[in-house]
Amino acid sequence: MISQTALHITNRIIAAFLGGYAFTWGLSALAITTMVTLGIDFHEAETGMTLVAFLVFLALFLWTFAAASMLRVWLVLAGGAAVMMLIATMLQNSLVS
Amino acid sequence: MFNSFRMSMGWVHTWLGLVLGFVLMICFFFGALSVFDREIDRWAIPDTRFEPQPMPSFDEVLKPVFDELKPHPTDMAATQQRVIGDLPDPDTMPLKSLYAYTTHRDPVLRIGGEFGIPNEPKDPADDHLHVHGWATVNPTTGETLSDSALKIGSDWFYPMHFNLHLRWNMLGYWIVGVAALVLLAALVTGVIIHRKLFREFFTFRPWKHVLRSSLDLHNVTGVVALPFHFFFAFTALVIFATNIYLPLSHTTLKPLHEQHEKLEAERTGLPHEESGEAAPLASVDAMVAEAKRRWAERDMPGEVGYLFMDHIGDENSYVSIYRAGSDRVALVGEGIHFKASTGEVIREEPPRSVVASIDEFLTGLHLQHFEHWMLRWLYVFGGLLGAICIATGFILFVEKRKARHAKAGSQGSRIVDAMAVTTVTGMVIAAVSMLVANRILPADLAGKGQWEQTVFWWAWGLAFLHAAWRSSPVAKARVNPAWREQSWVLAALSLLAVVMNWVTTGDHLIKTLFTDTYWAVAGVDLSLIATALIAMLVARKLGAKATETVKPKRGKSAQHNKQVNAYD
Amino acid sequence: MIEAGWLIAAVVSTMLSMGWFALCYQSHWKQVFPGHAGGPNTFLLKLLGRGFLLLSAVCCLAADHPSMAALVWIMLLAVAAMTVAMLLSRRPQWLRLICPSFFADKG
């Protein structure tokens, strides 16, 4: 039988690595497309975002372990990632077409 | 365990630090060796023990070499897996692009190119498929050097620190990436849980209980080199970000990226595709002279570090010439691009934006193409401090728990201790064994590089088995004798490597230091001797400790335990 | 060759600076002067420490391109701090060399 604690820890670890990664990915996609929409060069936006992305990831990573409610963590990480990906995709479609 | 902020940060530090710490040991140690990868190459390949050479004349030396370049059999096999139908005869494949790369520390030149193939890819997204070829050239003669001589520094130790030689699905890169993120987290959490960051800034008390003294050393090495640790982990992620860790432009944002590439090609005048019309090649030496003249005009005179040519033989062909990094941290290539058929300048890269400058500084800080020997040694020092920090972290973990585990009959600290031995002394033994094998195996042995790799893995594997076999005292709250035994083995191997270098090449230290100075080889020999001395010192210390009958002072150590156990 | 001179000066001044910073702590002061009754004159030591820290940065800047100098300086600080920590644990009396008696607080 898997103990309650083991499940809880596994949940935190998955949220920290995968949830944090998904959020960082979505944020980067959104930020780059937004910057390109605003007229900034693609590579410029991409480079700028890589400099910020891992610091954001690090902050999210630590927050996941410190947060009181795992429900809130998942809502922010997964929900945020999905919403940002959606907007980024729409922005990209309007830019490419 | 996640009830308070400090407790949860302590949990992250202890447990993620432990699990990824084994990977981080590899990154720090082989990263430190990578600072002198070219010098280790010279030690391992005695034929190349001559002075670094600038980029040779393309028209006279390199052109004939590229005419002889063939697709590499390894890449032929790899590409065959990805295309429909059989690949054509490698001798008939046309060279489509080429590069030549050197640094201020390289006596030899790396060249390579892409060969065009008519086959369709199995995966339609797999566009721009080519077969690659590569070689190492002696720039003074234009001779191609034997491929079976493994560049132990730059092709084994160096990749080890960023991909662990686990190429399958880029697994090694991802493990190292996770480790880098965890290192960043461990640094932040370490600062949070460290109660006396400033008060104990200079504190190391080796005479105290092993738990206290290793915590001191863990703190001191972590804190004094904090900026180094942080920036190396951070830049490691940034360097691989766009290609591996966050490849947005190849996935989610591919359409946007492709649109940008086409616009970019129009703007820069560097053609993205071939025109289909054949054209001859003008003098590349003249283009190099022009590039050097323009760099000097910008007050950045320098040698060519990287030469690239695309769409070879086509009207759209162009030559890009980049400056070798040497006098500054940022990887500023100051690229100048020429039309291959006429030699006229198509484009001179404009001054960089702020973002690009920061990025180039951060990348350059990690990749260190600069010419600054003191800073190189300081980096080695930083890398070794990182390794000490993690190794003492392992010792802390074991020391804190082994008494408790012994009482409970748990094997936990025994396993961690065996792994710690494997990644501390075992890892160094593996590296030095490889150097010994390199000097003992005959130079003309077929597949010598393969044998060296086999020795490396076997030495490491045996070190692990030995550590595990000898680890039973840990389960009884005592010290694993493998630490001491492997230190002796390491000392012996390091000295053997130095002696074998003398015997097989005649390059002993008196020669490489005084009569016919060659720092690359002397430096490796001296570092091996230093390793041997440190290993002997450690082994003797551990031996002395083992014979002592230690009675831990009950009251005091219980208090230490209380203090440092607060987080698990 | 002149660069080497500046770099050596930078090494020396980071070492001095870190040594003086360490002596500001009562615990380290006691290690260096075990029988001494008074404590360190922290005002003077901190002043010297900061002054030489600044001086070492200037030496680094004189030797190299600013971007390189920044890296050299940060790494030298780590080396110096580590050296002082090791001296304090093995040969604390050596630090008396950089600390004449008038650095003590007369109290």
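Quick caveat: nothing in here was measured; it's all calculated off a predicted structure. Quick note on labels: first sequence line is chain A, next is B, and so on, each numbered from 1.
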Taken to the nearest 0.5 Å, the spacing of M68(C) CE from E371(B) CD works out to 8.5 Å

Output, in order, the C-alpha distance, side-chain angles, deciding distance and verdict of side-chain contact (heavy atoms from CB on, under 4.5 Å) for M374(B) and I8(C). CA-CA 10 Å; M374(B) 182 165 122; I8(C) 291 167; over 6 Å; no

A quick test of your reading: do over 12 heavy atoms of other residues, nucleotides or ligands sit less than 6.0 Å from CZ of R298(B)? yes

Toward chain C, the part of L385(B) with a non-hydrogen atom under 4.5 Å: side chain

Point-to-point distance, once rounded to the nearest 0.5 Å, from CG of L217(B) to CE of M82(C): 5.5 Å

Region of Q31(C) that comes under 4.5 Å of a non-hydrogen atom in chain B: side chain

Using heavy-atom distances under 4.5 Å, tell me whether F204(B) contacts chain C through its side chain, its backbone, both, or neither. both

So which residue, I74(C), D64(C), L71(C), L88(C), ends up with the most heavy-atom pairs under 4.5 Å with chain B? L71(C)

Interatomic distance, H28(C) atom NE2 to E200(B) atom CD [nearest 0.5 angstrom]: 8.5 Å

R90(C) vs P206(B) side-chain heavy atoms within contact, under 4.5 Å: yes

List the atom of M18(C), the atom of F202(B), and the distance in Å for their closest heavy-atom pair. O-CZ, 3.5 Å

Minimum heavy-atom distance S67(C)-R328(B), with the two atoms named: OG-CB, 4.2 Å

Pick one of side chain, backbone, both or neither for F231(B), based on which atoms fall under 4.5 Å of a heavy atom in chain C. neither

Heavy atoms of Y25(C) and R199(B) approach each other most closely as CE2-CA, 3.7 Å

Which heavy-atom pair separates A78(C) from V224(B) by the least distance, and what is that distance? CB-O, 3.4 Å

If you draw a 6.0 Å radius around CD1 in I2(C), do more than 12 non-hydrogen atoms from other residues or ligands fall strictly inside? no

If you look at every heavy atom in L378(B) and M75(C), which pair is closest and at what distance? O-CE, 3.2 Å

Heavy-atom count check: over 12 atoms from other residues, nucleotides or ligands less than 6.0 Å from W6(C) CH2? no

